Protein chains: 2
Amino acid sequence: MNPASANIEEAILSAILAGRINPGTRLGEQKLADLFGVSRTRVREAMMRLETRGVVQVSARRGWFVVEPSAEEAREAFQTRRVIETGLLQTVREVPPAVLESLREHVAIERAAIETGDVSSRACLLGDFHIHLADALGNRLLTEIIRDLTARTTLISMLYQPTEKAEESSHDHEDIVAAMEAGDLARAARLMDEHIGKVEAGLDLTAKPDPLAGLRELLSPSTFAGNAPSVPHHHTPAPSFEKKD
Amino acid sequence: MNPASANIEEAILSAILAGRINPGTRLGEQKLADLFGVSRTRVREAMMRLETRGVVQVSARRGWFVVEPSAEEAREAFQTRRVIETGLLQTVREVPPAVLESLREHVAIERAAIETGDVSSRACLLGDFHIHLADALGNRLLTEIIRDLTARTTLISMLYQPTEKAEESSHDHEDIVAAMEAGDLARAARLMDEHIGKVEAGLDLTAKPDPLAGLRELLSPSTFAGNAPSVPHHHTPAPSFEKKD
DNA sequence: GCTCACAAACTTGTATACAAGCTGGAAAGC
DNA sequence: GCTTTCCAGCTTGTATACAAGTTTGTGAGC
């Protein structure tokens with residue numbers, strides 16, 4: 001609708017869905033304004049829209065930050081996704097062949113990306129499966145809701161997921177599609193429930209979102225040799241938020 | 001967060017939920033700014049947030065309007081509500097006694113409002129039941145989603161609902177709570193599905209949203225005696241949007 | 001009397017200016 | 001050397017000014 005401001009919003013959201021923007025990343029109004037060649041007004045507009053969609057947050061006079069969901073918020077996001085996605089599968093009566101075809105194709109692309117080892121696109125694809133599903137079985141409204149929720153859970157995974165299990169997720173997707181193909185939507189719903197449960201269980205929600213993650217990442221590829229302690233042993237003055245610049 | 005702009009947003013949303021603002025109502029930035037004693041900036045902020053929540057829309061350089069969902073959008077909203085609310089009931093394992101108590105109480109208030117004939121508050125209460133349910137069984141995120149959806153369906157009812165059936169809805173709510181009380185959540189989910197289906201079926205989605213509804217309402221209580229044709233017989237130049245001022 | 005064209009008033013769209021507050025670093029004091 | 005205080009710079013918050021487009025009312029022409 002507003003050409004540029006919609007682009008800013010969409011650009012940031014899809015970067016999050018693709019896992020290219022880390023939770024906690026600071027998004028300065030002026031920098032984005034320069035980047036997109038508009039004034040701060042439009043950027044603020046996009047930011048406020050993203051804030052109501054739950055993907056960024058403003059800290060008064062400090063800046064906009066990509067949300068870092070708390071453990072509680074993480075649980076809420078997963079519960080919500082479980083409710084909606086199982087509800088969708090159980091509400092639908094039958095699945096059109098074209099939809100099945102499209103989903104099978106999507107899963108095939110997932111597997112290809114995993115075997116190729118294309119890490120950057122596979123996270124995006126795994127989330128995209130759920131968005132595709134909502135789009136195919138539901139409607140635009142539902143798709144938008146799922147999209148925002150997927151952005152949230154993507155950020156949560158970045159914060160709390162110790163190890164990725166892309167193969168397992170893709171296999172789950174395959175099973176869900178198979179159940180749909182067999183016309184057993186109740187089973188598809190149950191599999192979806194388990195799938196989301198597995199992803200959630202794979203998180204380490206006891207570990208607080210690590211404010212040092214950014215620093216550690218910068219230091220870990222060993223500029224210094226022979227030190228890979230899990231926690232830096234020197235006293236650090238808690239930089240709290242800022243990670244990228 | 002932003003005290004005033006959040007208030008504007010909340011004030012408008014709850015007015016919609018209470019049925020005090022009609023779909024299609026124009027919301028002028030300057031007038032709202034004067035009303036709330038702030039500048040247009042804050043009002044625009046609130047409007048854009050409400051736009052991403054799907055309750056208002058901007059028509060370029062003409063103004064902000066409370067949405068008038070199309071028949072297609074109405075179907076989408078009801079499908080989405082059905083998916084989420086049945087999904088919620090089916091996901092929940094057991095219902096805490098305190099929740100049951102609170103829901104029973106709510107239904108009692110509904111019935112009281114209906115018997116009293118308090119038309120203004122009963123629409124609000126009927127929608128509130130679903131919001132309460134999401135709040136009690138789900139989480140804040142889910143509640144917010146349901147709240148926005150309820151705002152949508154409230155507007156849809158205003159546009160397409162020929163006759164209100166408040167007693168029936170309240171009775172449905174009672175049955176749903178009874179099923180929950182009996183621990184039969186599958187039945188509760190089915191009843192919820194039927195309930196939302198009934199509300200949707202009670203709409204006349206073939207009737208286009210009537211751009212003259214506002215005018216007709218203003219004229220119908222007979223300033224002139226003896227003329228109540230369903231359509232004014234003189235040529236009207238299609239005022240399209242504006243209804244309130 | 002009716003239609004059409006034009007202009008004035010009004011509304012949103014966008015940028016910019018300035019105010020308010022936070023952060024980080026330098027300098028002073030211990 | 002270490003801590004504390006204060007100031008300069010940077011970032012968002014809010015208002016206002018102006019640009020661009022829409023609507024409506026007026027008046028000329030038929």
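Everything numeric in this text was worked out from a predicted model, so none of it was measured. Throughout, protein chains are lettered first and strands after them, A, B, ... in sequence-line order, and every chain is numbered starting at 1.
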Step through it carefully: locate the ring centre of B/His195, locate the ring centre of B/His130, and say whether they are under 6.0 Å apart. yes

Close side-chain approach of B/Leu203 to B/Phe78, heavy-atom, < 4.5 Å: yes

How many Å lie between CD on B/Gln57 and P on C/dT11, as a whole number? 20 Å

Heavy-atom pair of closest approach, residues A/Ala71 and A/Tyr160: N-OH, 3.4 Å

Would you say D/dT14 has OP1 or OP2 under 4.0 Å from some side-chain N or O of B/Thr41? no

Residue-phosphate contact under 4.0 Å: B/Arg44 side-chain N/O, C/dT11 OP1/OP2: no

Taking C/dT12, D/dG13, C/dA15 as options, the one with an atom nearest any side-chain atom of A/Trp64 is D/dG13

Quick one: are B/Arg82 and B/Gln79 in side-chain contact, heavy atoms under 4.5 Å? no

In this structure, how many angstroms lie between the P atom of C/dT11 and the CD atom of B/Glu29, rounded? 10 Å

Using the side-chain heavy atoms of A/Arg61, tell me which of these nucleotides is nearest: C/dG13, C/dA19, C/dA15. C/dA19

Tell me which nucleotide among D/dT12, C/dG13, C/dC22 gets nearest to the side chain of A/Arg62. C/dC22

Give the rounded distance in Å between these two atoms: CE of B/Met47 and P of C/dT11. 14 Å

In whole angstroms, how far is the C1' atom of C/dT14 from the CE atom of A/Met48? 13 Å

Here the distance between atom C1' of C/dT16 and atom CZ of A/Arg42, to the nearest Å, is 15 Å

Between B/Glu110 and B/Phe129, what is the shortest heavy-atom contact and its length? OE2-CB, 3.3 Å

Spacing between A/Phe36 atom CZ and C/dA15 atom P, to the nearest angstrom: 14 Å

Over how many whole Å does the gap from A/Gln30 atom CD to C/dA17 atom C1' extend? 13 Å

Tell me the interatomic distance from B/Glu45, atom CD, to D/dA15, atom C1', rounded to whole angstroms. 13 Å

Look at the side chain of A/Val58 and decide which nucleotide, out of D/dA19, D/dG13, D/dA15, has an atom nearest to it. D/dG13

